[in-house]
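Okay, so here's the structure we're looking at.
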Number of protein chains: 2
Amino acid sequence: MPVESSRIPRVPSSAPAAARGLRADARNNRNRILDAARETFAALGLDVPMSEIARRSGVGAATLYRRFPTKEALVTEVFADQLSACVSVVDEALADPDPWHGFCSVIEKVCAMHAVDRGFTAAFLSAFPDAVAFEEERVRAERGFAVLTRRAKDAGRLRSDFAQADLTLVLMANGGIATGSTEAALAASRRLVAYLLQAFRADHADPAEPLPPAPPLGLHHVHRPPTA
Amino acid sequence: MPVESSRIPRVPSSAPAAARGLRADARNNRNRILDAARETFAALGLDVPMSEIARRSGVGAATLYRRFPTKEALVTEVFADQLSACVSVVDEALADPDPWHGFCSVIEKVCAMHAVDRGFTAAFLSAFPDAVAFEEERVRAERGFAVLTRRAKDAGRLRSDFAQADLTLVLMANGGIATGSTEAALAASRRLVAYLLQAFRADHADPAEPLPPAPPLGLHHVHRPPTA
DNA sequence: TGATAACTGGACGAGGTCTTCCACTTACCT
DNA sequence: AGGTAAGTGGAAGACCTCGTCCAGTTATCA
């Protein structure tokens with residue numbers, strides 16, 4: 001009888017690394033916490049008390065803090081996959097044969113994701129320090145978007161004075177669209193994005209009205225002060 | 001000897017109503033508080049502690065609360081004149097013989113004012129309850145802007161599907177532009193506004209791509225929940 | 001089944017903010 | 001100049017949030 005088999009924890013290796021080797025009930029609670037946190041952050045933003053998330057998860061505060069030593073850790077974990085989704089949006093767009101369509105789809109999809117999730121917007125913009133864990137993905141998305149931008153310009157569809165930093169501009173502006181209902185926020189975001197995409201069209205660039213210079217801002221430089 | 005003369009308080013009737021009849025030192029302190037609050041709110045947003053404003057004003061907390069019973073009252077007072085400035089921007093634009101230029105100037109100026117004052121943006125968007133005091137001015141500005149919109153459309157410069165609620169959209173989007181330095185925020189705001197104004201041009205409306213419907217949002221419906 | 005180690009829940013402490021209270025000081029009016 | 005009422009500053013109360021601790025419970029494994 002192979003003793004080893006009992007020593008090897010039955011790990012669903014597809015699960016996130018942090019959930020491996022947990023006792024069954026603990027892993028269950030962990031998932032409940034993540035689900036509740038996702039819902040709550042999306043609906044109310046990142047400023048909800050940890051106690052509220054514990055309450056909605058049906059666990060005590062200690063359990064919450066045992067799984068996620070700090071609120072930031074919880075936020076990071078919650079939005080890790082959302083960030084991956086953003087990155088994959090860029091990958092999909094790179095596979096699109098129409099450069100302009102790909103470019104637009106990135107902006108439309110990412111803005112829509114932000115519009116329906118209040119917490120995602122805040123997390124994205126606050127650039128919480130643990131985000132260094134996502135540095136790699138962020139850089140990949142940035143490079144991918146740069147390629148998209150170049151292709152769309154070369155195709156003559158995107159105005160040539162569009163700056164890389166304008167993506168940050170769009171995301172920040174879209175982040176300002178926060179209203180009571182999710183539907184209203186999504187509708188507002190869609191309309192804003194539609195306006196902006198029309199402004200980005202090459203045939204709408206007016207040589208008589210040059211754009212004000214782009215501010216020297218990259219996604220990684222956006223730091224919203226904690227108390228503001 | 002006219003007794004009355006001494007009974008009549010020497011009121012600088014040009015001063016705000018709330019400052020009338022105050023003792024000289026009290027009025028002085030009141031002004032210092034307002035100045036400090038203006039600076040602090042503009043630089044750091046509305047979330048600065050009241051104690052910080054008291055410290056910068058050189059007064060104690062009790063004095064601050066004697067003048068302004070609640071933080072909200074202070075915020076309201078501080079931004080009352082800024083709001084008036086916004087309204088007068090509309091009035092100026094109405095006097096502009098060029099409807100399109102007037103329309104643009106409103107958006108450009110108001111957005112610039114919001115960009116350089118973090119607190120103003122928050123106060124404007126949070127629509128704090130005491131704002132009912134400004135209801136009249138708000139309505140006046142709204143009507144004025146409606147006139148500007150109509151004129152600009154009739155002149156064939158503003159796209160016909162521009163909605164009144166799009167002003168709210170622009171202001172919310174502009175409110176998302178908050179970066180570390182004031183200069184960067186202003187630069188970002190300017191570029192965003194330039195893009196949007198190009199999108200608003202009648203000759204840039206693409207009949208092949210109708211806009212998503214405008215969300216049913218007026219300025220007075222924007223309510224950002226307290227904790228978010 | 002029973003020992004063990006991990007897990008859980010509610011109570012607790014630290015820190016920060018808004019607001020109030022009270023003894024002292026100051027400006028105004030006669 | 002002097003009395004008085006208003007004004008002032010610092011300390012303290014109420015409330016909320018993040019994060020910690022300990023006694024009881026539960027899953028795991030021989």
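Side-chain atoms are counted along with the backbone in the values below, which use heavy atoms only and exclude waters and symmetry mates.
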inquiry  = I'd like to check B/Val116 versus B/Glu183 (side-chain heavy atoms, cut-off strictly below 4.5 Å). Are they in contact?
reply    =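 Answer no - side chains too far apart.
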message = Go through it in stages, so that I can follow the logic: the residues are B/Asp35 and B/Arg38, the test is salt bridge (Lys or Arg N to Asp or Glu O under 4.0 Å), and I'd like the CA-CA distance, side-chain angles, deciding distance and then a yes or no.
response = CA-CA 5 Å; B/Asp35 287 344; B/Arg38 242 184 297 271; 3.4 Å; yes
task = Could you go through the salt bridge (Lys or Arg N to Asp or Glu O under 4.0 Å) check for B/Glu77 and B/Arg30 one step at a time?
result = CA-CA 11 Å; B/Glu77 185 74 23; B/Arg30 186 174 192 279; 3.6 Å; yes
query = In terms of ring plane angle, is the pair A/Phe120 and A/Phe79 parallel, tilted or perpendicular, where the classes change at 30° and 60°?
reply =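 Rings of A/Phe120 and A/Phe79: parallel, as their planes differ by under 30°.
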d([atom1], [X]; [atom2], [N]) in whole Å:
X: A/Arg32; N: C/dT8; atom1: CZ; atom2: C1'; result: 12 Å
X: A/Ile53; N: D/dC16; atom1: CD1; atom2: P; result: 18 Å
X: B/Arg55; N: D/dT8; atom1: CZ; atom2: P; result: 19 Å
X: B/Arg27; N: C/dT26; atom1: CZ; atom2: C1'; result: 15 Å
X: B/Met50; N: C/dT20; atom1: CE; atom2: C1'; result: 13 Å
X: B/Asn31; N: D/dG7; atom1: CG; atom2: P; result: 14 Å
X: B/Asp47; N: C/dC18; atom1: CG; atom2: C1'; result: 13 Å
X: A/Asn28; N: D/dT25; atom1: CG; atom2: P; result: 21 Å

ask   = Is B/Lys109 paired with B/Glu92 through a side-chain N to carboxylate O contact shorter than 4.0 Å?
value =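 Between B/Lys109 and B/Glu92 there is a salt bridge, with a charged N closer than 4.0 Å to a carboxylate O.
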Under-4.0 Å salt bridge between B/Arg140 and B/Asp91 =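 Yes, charged N to carboxylate O under 4.0 Å.
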ask   = Got a sec? Which of residues 58-67 of chain A come in under 4.0 Å of DNA chain C, heavy atoms?
value =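 Within residues 58-67 of chain A, the residues near DNA chain C are A/Gly58, A/Val59, A/Gly60, A/Ala62, A/Thr63, A/Arg66, A/Arg67.
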request  = Identify the heavy atoms of B/Thr121 and B/Gly175 that sit nearest to each other, and give their distance.
outcome  =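 Minimum heavy-atom separation between B/Thr121 and B/Gly175: CG2-CA, 3.4 Å.
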ask   = Would a line drawn from the ring center of B/Phe145 to the ring center of B/Phe103 be shorter than 6.0 Å?
value =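 Yes, they do, as the ring centres are separated by less than 6.0 Å.
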query = Taking only N and O in the side chain of A/Ser51, is any of them less than 4.0 Å away from OP1 or OP2 of D/dC18?
reply =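 For A/Ser51, the contact criterion (side-chain N or O under 4.0 Å from OP1 or OP2 of D/dC18) is not met.
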ask   = Would you say A/Asn29 reaches C/dT8's phosphate, i.e. side-chain N/O to OP1/OP2 under 4.0 Å?
value =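 Checking C/dT8 against A/Asn29, a side-chain N or O does come within under 4.0 Å of OP1 or OP2.
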inquiry  = We want to know whether B/Asn29 and B/Thr63 form a side-chain donor-acceptor pair, criterion being a heavy-atom distance below 3.5 angstrom.
reply    =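 No, B/Thr63 and B/Asn29 have no side-chain donor paired with an acceptor closer than 3.5 Å.
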Bending between helix ends of the helix from C/dT1-D/dA30 to C/dT30-D/dA1 [5 pairs per end, 10° resolution] =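 Rounded to the nearest 10 degrees, the bend comes out at 10°.
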Of B/Lys71 and B/Asp25, the one whose closest DNA chain C nucleotide lies more 5' =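 Looking at the nearest nucleotide for each, B/Lys71 comes out on the 5' side.
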